[in-house]
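For reference, the structure is listed below as structure tokens.
All ligand and atom numbering here is 1-based and tracks the order in the structure. The figures here come from the full heavy-atom set of this structure, side chains too, leaving out hydrogens, waters and symmetry mates. All values reported here derive from a predicted model rather than from experimental measurement.
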Amino acid sequence: MAIKTDQKPRHTALGLTLDDAKGMYRAMLLTRMLGERMMQMNRMGRAAFVGVADGHEAAEVGSAWVITRGHDWVHPYYRDVGVALVLGQTAKDQFLGVFAKATDPNSGGRQVVNQFSSPEANIVTGSVCIATQFPQAAGIALAIKIRKEDRVVFTYGGDGSTSPGDFHEAVNFAAIHKLPVIFVIENNLFAISTPTSKQMSVPNVADRAAGYGIPGLIADGTDVLDVYAKTKEAADRARRGEGPSIVEVKCYRYQPHSSDDDDSRYRSKDLLKEWQAKDPVDKGRDYLLSEGVPQPELEAMRAEIAAEIERSIDEAESAPDPRAEDLLEHVYAKEGIPGGTRA
Ligand SMILES: Cc1ncc(C[n+]2csc(CCOP(=O)(O)OP(=O)(O)O)c2C)c(N)n1
């Protein structure tokens, strides 16, 4: 138990309720437990390929909590399980994608996993080619500005995605035109096996913002409330018409890049232990306990999530596969339907 002072709780000072703080913790825990279970499913031969977000929970949940669902626009990247969950996707949706089922909400089982998509939540589906989301996000922000709407575009990438030209072209364009777009960069120190020191000559991704005359904020990716605070600051600025920001979230990916990667060849166990000692999910739990949330309530939440995951696996595994005759759906336009591919 933390010592109580007259100071407001941190979440209250940020304009959040205790239910928000609990919701953030639940989304982080679900992200973590999904990641662990998906890696097991892969090793058991029941999931062909997975990419999980263990260690990125606070980065994703804290930033996504700022998004107004269905109003703002979101252009995430493949690591953003936590963003998709906050914006309404379910555990079952994740497994439908992993098992490439016809009812997978992202692509009907056609894309590689984690290319999140939701028309209701304005999540724009992405490409496997990293950084392609950034110019598209800037384009959406330009449309918002032309239409004089008060929406913000939240686009996401890893540290590695700030190396391709797409990132720089998008940030430059957004900065010149003061577009309402936030570049949330989840810096986990590696782009697969390439360390950040081999990708940029400055210590922080946020330092790159100076070259474009925009703010570069750094958030502690082990602290969900700090990520929320920094992203909110950038979003408020964008809504006031003051333009884009880069929000760099310092975090660490606990699992290999994907289930096909062997990270023991380029990262040490000691570095992992260092980050696990300040684990974002554990910190979220400790925060709730310090605010008086009873331990049994948190234990019940964990049990309920575990049951939800097992139910989701059963339902998703028995869902129908895509039909072979639909293979070319959404690939070629059909005659007489401008831009359309549906019969
Ligand atoms: C244009 C392009 N180049 C290379 C790749 C292969 N690739 C896939 S993910 C990745 C690393 C990305 O790392 P980062 O942006 O730091 O994100 P993280 O996976 O660490 O979260 C690379 C090089 C790709 N998909 N697209």
Side-chain angles (χ1 to χ4, degrees), residues 28 31-32 34-35 38-39 42 48-64 74-85 94 97-98 106-107 111-116 124-137 154-171 182-208 216 218-219 221-222 227 246-268 271-272 275 280:
M28 290 200 292
T31 306
R32 173 66 55 87
L34 269 173
M38 280 181 185
M39 285 299 283
N42 171 264
F49 176 79
V50 298
V52 300
D54 302 32
H56 283 239
E57 295 87 352
E60 297 174 8
V61 172
S63 55
V74 191
H75 221 317
Y77 85 124
Y78 53 78
R79 188 85 50 209
D80 285 325
V81 179
V83 175
L85 293 174
Q94 307 316 306
V98 161
N106 296 330
S107 71
Q111 262 267 44
V112 73
V113 291
N114 295 15
Q115 303 298 318
F116 305 104
V124 184
T125 193
S127 155
V128 172
C129 299
I130 59 169
T132 48
Q133 68 273 30
F134 298 131
Q136 295 181 22
F154 294 78
T155 187
Y156 288 80
D159 42 283
S161 71
T162 68
S163 295
D166 300 48
F167 174 77
H168 298 274
E169 292 171 32
V171 175
I182 297 167
F183 300 90
V184 180
I185 305 301
E186 299 171 35
N187 182 354
N188 62 21
L189 312 179
F190 289 87
I192 312 184
S193 56
T194 308
T196 44
S197 60
K198 291 279 185 289
Q199 294 193 68
M200 53 188 196
S201 59
V202 286
N204 306 300
V205 172
D207 298 340
R208 295 176 165 213
I218 296 179
T222 70
V227 179
I246 294 173
V247 178
E248 174 184 8
V249 189
K250 306 270 193 193
C251 58
Y252 197 69
R253 135 172 91 67
Y254 291 0
Q255 300 281 0
H257 173 75
S258 72
S259 51
D260 283 359
D261 174 38
D262 173 7
D263 64 333
S264 68
R265 300 179 59 178
Y266 58 85
R267 306 194 303 182
S268 76
L271 189 53
L272 174 63
W275 281 88

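Distances below 4.0 Å separate heavy atoms of Gly158 from the following atoms of ligand 1: 14 (P), 15 (O), 16 (O), 17 (O). Under a 4.0 Å criterion applied to the non-hydrogen atoms of Asn188, ligand 1 contributes the atoms 18 (P), 20 (O), 21 (O). For ligand 1, the atoms closer than 4.0 angstrom to any heavy atom of Ser161 are 15 (O).
When every heavy atom of Ala59 is checked against every heavy atom of Val249, the shortest pair comes out as CB-CG1, 3.5 Å. In terms of heavy atoms, Thr31 sits closest to Gly82 at OG1-CA, 3.5 Å. Of all heavy-atom pairs between His75 and Gly126, the closest is CE1-CA, 4.3 Å.
Residue His257 touches ligand 1 through its side chain alone, judged by heavy-atom distances below 4.0 Å. Under 4.0 Å from ligand 1, the heavy atoms of Phe190 that appear belong solely to its backbone.
The heavy atom nearest to atom 12 (C) of ligand 1, out of those in Tyr78, Tyr252, Phe167, is found in Tyr78. Distances from atom 4 (C) of ligand 1 to the heavy atoms of Asp80, Ile130, Val128, Asp159 show the closest one on Ile130. When Ile192, Thr196, Val205 are checked for heavy-atom proximity to atom 10 (C) of ligand 1, Ile192 turns out nearest.
At least one donor-acceptor pair under 3.5 Å links the side chain of Arg253 to the backbone N or O of Ile192. Proximity of a side-chain donor or acceptor of Glu57 to a complementary backbone N or O of Met28 within less than 3.5 Å is not detected. For the pair Ser161 (side chain) and Ile130 (backbone), a donor-acceptor distance under 3.5 Å is absent.
Among the atoms of Tyr77, some N or O lies under 3.5 angstrom from an N or O of ligand 1. Distances between N or O atoms of Gly160 and those of ligand 1 include at least one value under 3.5 Å.
Ligand 1 is approached by Cys129 to a heavy-atom distance shorter than 4.0 Å.
At a distance under 4.0 Å, no protein heavy atom can be found next to atom 6 (C) of ligand 1.
Ring geometry for Trp275 versus Tyr252: interplanar angle under 30°, hence parallel rather than tilted (30 to 60°).
A centroid separation of 6.0 Å or more is found between the aromatic rings of Tyr156 and Tyr77.
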